[in-house]
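First the structure, in the form of structure tokens, and then the observations on it.
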Amino acid sequence: MAFHSFAFAVFLPIVFLLYWALPHRFRWILMLSASYYFYMSWNAKYVFLILFTTVVSYGAARLLENERSRRKKKWILAGAAFLCLGVLFFFKYFNFVSESVTHFLSLFTIRTRPLVLNLLLPVGISFYTFQTFSYVVDVYRGDMSAEHHFGYYALFVSFFPQLVAGPIERADNLLPQIRAARDFNYDQASYGAKQMLWGFFKKLVIADGLSVYVSQVFDNPAPYEGFSIILASVFFSIQIYCDFSGYSDIAIGTAKLFGMELTANFKSPFFSQSIGELWGRWHISLSTWFRDYVYIPLGGSRVGRVRHAVNLIVTFLVSGLWHGANWTYVVWGGIHGVGQVVENIFVPKNRRKSRGIIRVIRIGAVFAFFTFACIFFASHSLGDAWHAVSRMFNGISSPIVYLHDGFSRIGLDKLGLLKSMIPVCILLIYDYFSLRVDCIQWLNERKAFARHFVITAMILMILCCGYAGQSTFVYFQF
């Protein structure tokens with residue numbers, strides 16, 4: 001059940017009305033039932049996986065809380081990691097590892113046939129696995145107490161707004177909100193509805209609109225070269241941002257309808273002046289997860305310069321692998337890791353903020369770096385990525401022909417360019433001002449006519465220019 005489906009348009013109002021009609025002590029039952037129904041609408045049989053992960057992590061945390069032996073606690077943690085992460089590995093990485101090992105052996109003329117399983121990747125498995133594992137680690141570290149109410153904990157794992165694509169919530173943020181009694185707050189719900197509308201605009205108008213041009217290049221890159229590849233790469237950068245941040249906005253806005261606050265996941269990342277700043281603004285819940293559970297345990301920055309560089313690269317390589325069982329994602333992560341290392345060497349932290357034209361140049365450079373890395377993210381294979389990288393400047397010696405040929409190859413005429421760029425300009429204006437003010441709250445403080453005008457205009461743009469039903473959310477595949 002995707003957020004932009006008719007089924008969700010029926011599902012959400014029913015759950016919303018029932019939630020606020022019920023007494024607090026029954027609300028968790030409704031939300032847990034609704035969340036499991038929401039997940040089962042994708043593939044009912046995989047509900048056993050999320051239930052298994054929930055039971056294992058819940059039981060491990062309870063055992064850790066009662067155990068005093070440090071050695072036994074380590075064994076409990078290792079067992080929970082083996083079971084929970086093992087499920088993730090089996091469904092997401094088994095075929096990838098089998099094929100990679102077979103290919104590696106073939107380099108030494110050892111011929112084997114890879115064992116490939118016909119498995120469908122369960123939606124959201126990477127997200128809820130990381131969410132449950134971080135909870136167990138936090139209890140192991142003594143950072144929080146184990147949750148004793150199994151129903152509350154099961155709801156923490158399966159809370160439907162953020163279940164299939166995040167934000168990856170921490171237990172110390174979401175569990176207290178699940179336990180707390182609350183009254184309906186009109187202002188919070190109104191804010192949430194507007195945030196959902198903004199998310200739908202980013203997904204249906206911008207992301208899905210640009211995906212028409214992106215998919216034709218990266219699904220079959222062989223016929224394309226020159227500026228058409230650069231256009232598709234730039235469009236993909238904007239598409240992936242609007243697609244995923246749009247999902248996050250809808251998820252966070254939906255949670256607000258029920259009086260809950262989820263973690264902010266994006267903060268105008270394309271206005272970053274450094275790679276480090278970009279990753280502090282992009283997919284924040286995942287970035288901080290890797291920081292707390294991979295980067296810092298490796299030693300973080302409190303080690304020598306070489307070890308610090310290794311820690312950064314390893315963290316980003318793991319982050320790339322988390323995104324998908326393909327070497328393209330590993331290379332994508334490696335590019336960002338190496339980029340951060342180079343940045344740390346040549347650009348001191350106290351010189352990463354500028355104003356005026358230097359700021360614009362820095363922002364443009366970071367976006368260009370991000371877009372280059374996205375070529376590997378968007379490509380289906382390393383061969384396709386190399387095709388794009390090696391041919392993207394073919395014909396640049398004749399700039400006018402180079403540009404014209406690029407637009408014509410992907411079928412982008414003046415009207416199509418205008419239709420694509422107006423929503424992108426709206427996005428940039430919103431993100432720019434959101435660095436200083438809360439744009440939705442600012443709109444809420446305007447007069448009724450201004451509020452209704454903006455909301456109506458957004459709805460009309462979604463209805464007239466949106467691509468509803470054209471594609472699912474990109475991060476569902478992770």
For the residue pair Ser237 / Thr371, report whether a side-chain donor-acceptor contact shorter than 3.5 Å exists. yes
Side chains of His336 and Trp279, donor plus acceptor under 3.5 Å: yes
Any chance you could lay out the side chain to side chain contact (heavy atoms under 4.5 Å, CB included) test for Leu12 and Phe160, step after step, and finish with the verdict? CA-CA 10 Å; Leu12 181 61; Phe160 76 85; 4.2 Å; yes
Please check: side-chain N/O of Ser211 versus main-chain N/O of Asp208, any donor-acceptor pairing under 3.5 Å? yes
Can Tyr293 and Phe133 be said to form a ring pair (Phe, Tyr, Trp, His ring centres under 6.0 Å), step by step? CA-CA 10 Å; Tyr293 301 103; Phe133 183 66; 7.4 Å; no
Closest heavy-atom contact between Ser248 and Phe266? OG-CE1, 3.7 Å
Side chain to side chain contact (heavy atoms under 4.5 Å, CB included) between Ile361 and Ile357, intermediate numbers included: CA-CA 6 Å; Ile361 293 173; Ile357 188 63; 4.2 Å; yes
For Phe96, what residues pass the ring pair (Phe, Tyr, Trp, His ring centres under 6.0 Å) criterion, not counting sequence neighbours? Trp327
Taking the side chain as every heavy atom from C-beta outward, state whether Arg409 and Leu231 have any pair of such atoms under 4.5 Å apart. no
Looking only at non-hydrogen atoms, find the nearest pair between Pro167 and Thr263 and report the distance. CG-O, 3.3 Å
For Phe227, what residues pass the ring pair (Phe, Tyr, Trp, His ring centres under 6.0 Å) criterion, not counting sequence neighbours? Tyr402, Phe407
Decide whether Tyr213 and Gln239 meet the rule of one side-chain donor and one side-chain acceptor closer than 3.5 Å. no
Which one of Phe89, Phe127, Tyr329 satisfies the ring pair (Phe, Tyr, Trp, His ring centres under 6.0 Å) criterion with Trp322? Phe127
His323: which of Tyr93, Phe316, Phe377 passes ring pair (Phe, Tyr, Trp, His ring centres under 6.0 Å): Phe377
Pair Asn95-Ser98, side chain to side chain contact (heavy atoms under 4.5 Å, CB included): steps then yes or no: CA-CA 5 Å; Asn95 290 346; Ser98 177; 5.5 Å; no
Given side chain to side chain contact (heavy atoms under 4.5 Å, CB included), test Ile462 with Leu197 step by step and report yes or no. CA-CA 9 Å; Ile462 292 172; Leu197 182 64; 3.7 Å; yes
Taking Ser287 for the side chain and Ile284 for the main chain, is one N or O donor matched with an acceptor at less than 3.5 Å? no
Where Tyr295 and Leu312 come nearest, the two heavy atoms and their spacing: CE1-CD2, 3.9 Å
Got a sec: does the CD1 of Ile400 have more than 12 other heavy atoms crowding it under 6.0 Å? no
Taking the ring of Phe130 and the ring of Phe290, is the distance between their centroids below 6.0 Å? yes
Between Cys84 and Val56, which heavy-atom pair has the shortest distance, and what is it? SG-CG1, 3.7 Å
Check: Asn311 side chain, Gly300 main-chain N or O, donor-acceptor pair, under 3.5 Å: yes
For Ser228 and Ile410 the tightest heavy-atom approach is CB-CG2, 3.8 Å
Take atom CZ in Phe11; do more than 12 heavy atoms of anything else shown fall under 6.0 Å from it? yes
How about Tyr153 and Ser57: does a side-chain donor come under 3.5 Å of a side-chain acceptor? yes
Suppose the criterion is salt bridge (charged side-chain N to carboxylate O under 4.0 Å, His left out): which pairs have a residue in residues 275-287, not counting sequence neighbours? Glu277-Arg281, Glu277-Lys353
I'd like to check the ring pair (Phe, Tyr, Trp, His ring centres under 6.0 Å) partners of Phe270; sequence neighbours left out, ordered by chain and number. Tyr241, Phe367, Phe370
Listed partners of Tyr36 passing ring pair (Phe, Tyr, Trp, His ring centres under 6.0 Å), at least two apart: none
Please round to the nearest 0.5 Å and tell me the distance separating atom OG1 of Thr288 and atom NE2 of His283. 9.5 Å
Non-hydrogen atoms of Leu435 and Ser268 that approach each other most closely: CD2-CB, 3.6 Å
Please collect all salt bridge (charged side-chain N to carboxylate O under 4.0 Å, His left out) contacts where either partner lies in residues 286-311, sequence neighbours excluded, each pair once. Arg170-Asp292
Using atom types as modelled and distance alone, determine if a side-chain donor or acceptor of His380 lies under 3.5 Å from a backbone N or O of Thr328. no
The residue among Phe200, Trp198, Phe3 that forms ring pair (Phe, Tyr, Trp, His ring centres under 6.0 Å) with Tyr247 is Phe3
